Amino acid sequence: ETYEDTKYYTLRDNIEGDTEQQLLSNNNGINRLSNFYNLMKYSEYFKYLNVYNQPIYLSDYKGPSLNIYGYEYNSNLDEKTVKIQCNDNIIRESTLLKSLWIGEEVIEHFNLNINQGEGFSKEDFMKETNKEMSIILGSTYKNNYNVGDEIYVNFILGESMAVVKGFFEEGTSIYYNDNYVLLDNYVIIPMFINDYSNGKSIYNISLQHVYFLKNSGIIATKLSEQDTYEIIDNYARQSELESLYTIVGYDTSSLQAFGIGMDDILVGIYIIAAILMIFAVVVIFIYMLKRIRESKLYCAILIMNGCNKKDMLSILIGEILILLIMSWGMGCLTLKYLIIEFNLIRAGYIYLLLLMTTVLIGIIPIYIYILKIIKKDTAYYLND
């Protein structure tokens with residue numbers, strides 16, 4: 001989905017069965033999942049936005065039926081209202097309502113307008129034991145609730161007393177699951193950035209399950225779908241979650257050509273690039289030797305007019321450096337397009353390494369040969 005030149009992709013995992021059990025049972029599972037999340041969140045290539053559909057129970061609900069979770073499928077108020085015994089041993093009549101769980105960058109990115117009250121502050125995304133959480137309500141709640149009202153909430157991650165922080169302006173929408181969702185009928189809850197408070201998990205479920213949810217966010221970027229997938233795949237590899245994350249709707253089979261994977265294709269490209277660069281070095285080397293031999297008379301004249309070895313070396317090296325600088329400039333231009341325009345990160349860095357190696361390989365033998373040449377006496381240059 002593209003909106004105002006920004007493309008939106010939804011992250012999806014392939015975690016199920018044995019793979020899921022391994023992550024849940026392995027002590028290293030949470031480290032791998034949280035590492036992937038942090039790589040996504042702090043990526044320099046795109047903005048990672050956490051938006052997750054998370055229905056929530058509100059106690060003593062007083063709003064319209066259209067806010068009920070499943071209303072579009074004929075769910076009614078009585079059906080979605082239950083009695084819940086909370087952690088404080090109080091039994092509360094609570095109703096399951098539409099809700100979204102959002103990260104701290106979402107309101108600013110989508111420019112969500114607050115009609116009354118205020119939006120989430122940075123502190124609202126930090127959950128502490130026995131601390132009230134903040135919620136923002138859609139416009140349909142304004143007739144029944146006020147800023148500052150306290151409501152007891154229950155959801156999959158835990159339960160808490162919540163304070164109404166504000167109300168969204170009518171018609172405010174957010175991108176989620178390949179659609180723009182109208183927030184008029186939603187309760188918005190913050191996605192907490194901390195996992196622990198006073199040494200204990202702030203959630204009622206395992207942290208692995210929490211990161212399963214966190215790692216299903218939205219990617220906002222100007223990059224193509226394939227480039228975005230390659231970055232995600234690279235982050236997954238770094239987190240030992242290879243092949244477990246992709247983009248919703250992205251066909252990874254397109255990365256296979258005649259049974260050869262993209263990694264194999266890239267290796268082939270790198271080998272060809274290395275061969276071409278080595279060939280270029282050989283050509284430059286032969287050309288420079290030819291030029292040096294053709295300049296023997298010119299060198300002899302310089303020596304006869306008092307040119308010392310240092311000056312001679314500077315003159316001969318100068319021509320080489322001009323060619324190498326021109327080659328380096330062309331190489332850097334290519335590098336710019338590889339990394340910035342096409343975002344082929346690995347290809348770009350390997351190309352840079354090959355480019356630097358080429359320059360060194362080209363300079364050293366020619367430098368040695370020139371030192372040998374200028375040690376000859378004048379008769380050597382006049383010999384032909």
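Only heavy atoms go into these numbers, but all of them, side chains included; no hydrogens, no water, no symmetry mates. Here the structure is a predicted model, which is why all the values come from computation and not from measurement.
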Task: Test of ring centre spacing under 6.0 Å for Tyr175 and Tyr180 - done: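 Yes; Tyr180 has its ring centre under 6.0 Å from that of Tyr175.
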- [ ] Kindly say whether the aromatic ring centers of Tyr235 and Tyr48 come within a distance under 6.0 Å.
- [x]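 No, ring centres 6.0 Å or more apart.
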TODO: Indicate yes or no: does Lys122 engage Glu104 in a salt bridge with an N to O separation below 4.0 Å.
DONE: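 Yes, this pair counts.
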Task: Pair Glu159 + Arg92, salt bridge at N-O below 4.0 Å - done: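 No salt bridge links Glu159 with Arg92.
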Does a side-chain heavy-atom distance below 4.5 Å link [X] with [Y]?
X	Y	answer
Ile135	Val163	no
Tyr245	Leu11	yes
Phe46	Met40	yes
Leu66	Thr140	yes
Met133	Met126	no

- [ ] List the steps, then state whether side chain to side chain contact (heavy atoms under 4.5 Å, CB included) holds for Leu100 with Ile189.
- [x] CA-CA 6 Å; Leu100 287 177; Ile189 58 179; over 6 Å; no
I'd like to know if the side chain of [X] pairs up with that of [Y] as donor and acceptor (distance under 3.5 Å, no hydrogens or angles considered).
X	Y	answer
Asn234	Tyr229	no
Ser224	Gln226	no
Asn185	Tyr141	no
Asn113	Thr172	no
Asp195	Tyr211	yes
Thr228	Thr221	no

Task: Test side chain to side chain contact (heavy atoms under 4.5 Å, CB included) applied to Leu24 and Ile30, step by step - done: CA-CA 8 Å; Leu24 290 173; Ile30 183 60; over 6 Å; no
Task: Lys142 to Phe167 six-membered ring, cation-pi geometry met (6.0 Å, 45°) - done: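 That pair does not qualify as a cation-pi contact.
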Open item on the list: Check for me whether Lys62 meets the cation-pi criterion with Tyr145, that is, NZ or CZ under 6.0 Å from the six-membered ring centre and within 45 degrees of the ring axis.
Closed with: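 Yes, a cation-pi geometry.
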Distance (rounded to the nearest 0.5 Å) between [X] [atom1] and [Y] [atom2]:
X	Y	atom1	atom2	result
Ser239	Phe36	OG	CZ	6.5 Å
Glu93	Lys83	CD	NZ	6.0 Å
Glu44	Leu39	CD	CG	11.0 Å

TODO: Walk me through it: do Leu213 and Val210 pass the test side chain to side chain contact (heavy atoms under 4.5 Å, CB included)?
DONE: CA-CA 5 Å; Leu213 303 181; Val210 172; 5.8 Å; no
TODO: Dump the intermediate steps for salt bridge (Lys or Arg N to Asp or Glu O under 4.0 Å) on Glu72 and Lys98, then the final yes or no.
DONE: CA-CA 11 Å; Glu72 294 79 4; Lys98 299 173 185 174; 2.6 Å; yes
- [ ] Applying side chain to side chain contact (heavy atoms under 4.5 Å, CB included), run through Leu77 and Tyr61 and close with a yes or a no.
- [x] CA-CA 9 Å; Leu77 187 62; Tyr61 174 63; 3.9 Å; yes
- [ ] May I ask you to decide if the ring planes of Phe110 and Tyr8 are parallel, tilted or perpendicular, using 30° and 60° as cut-offs?
- [x]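 The arrangement is parallel - the two ring planes meet at less than 30°.
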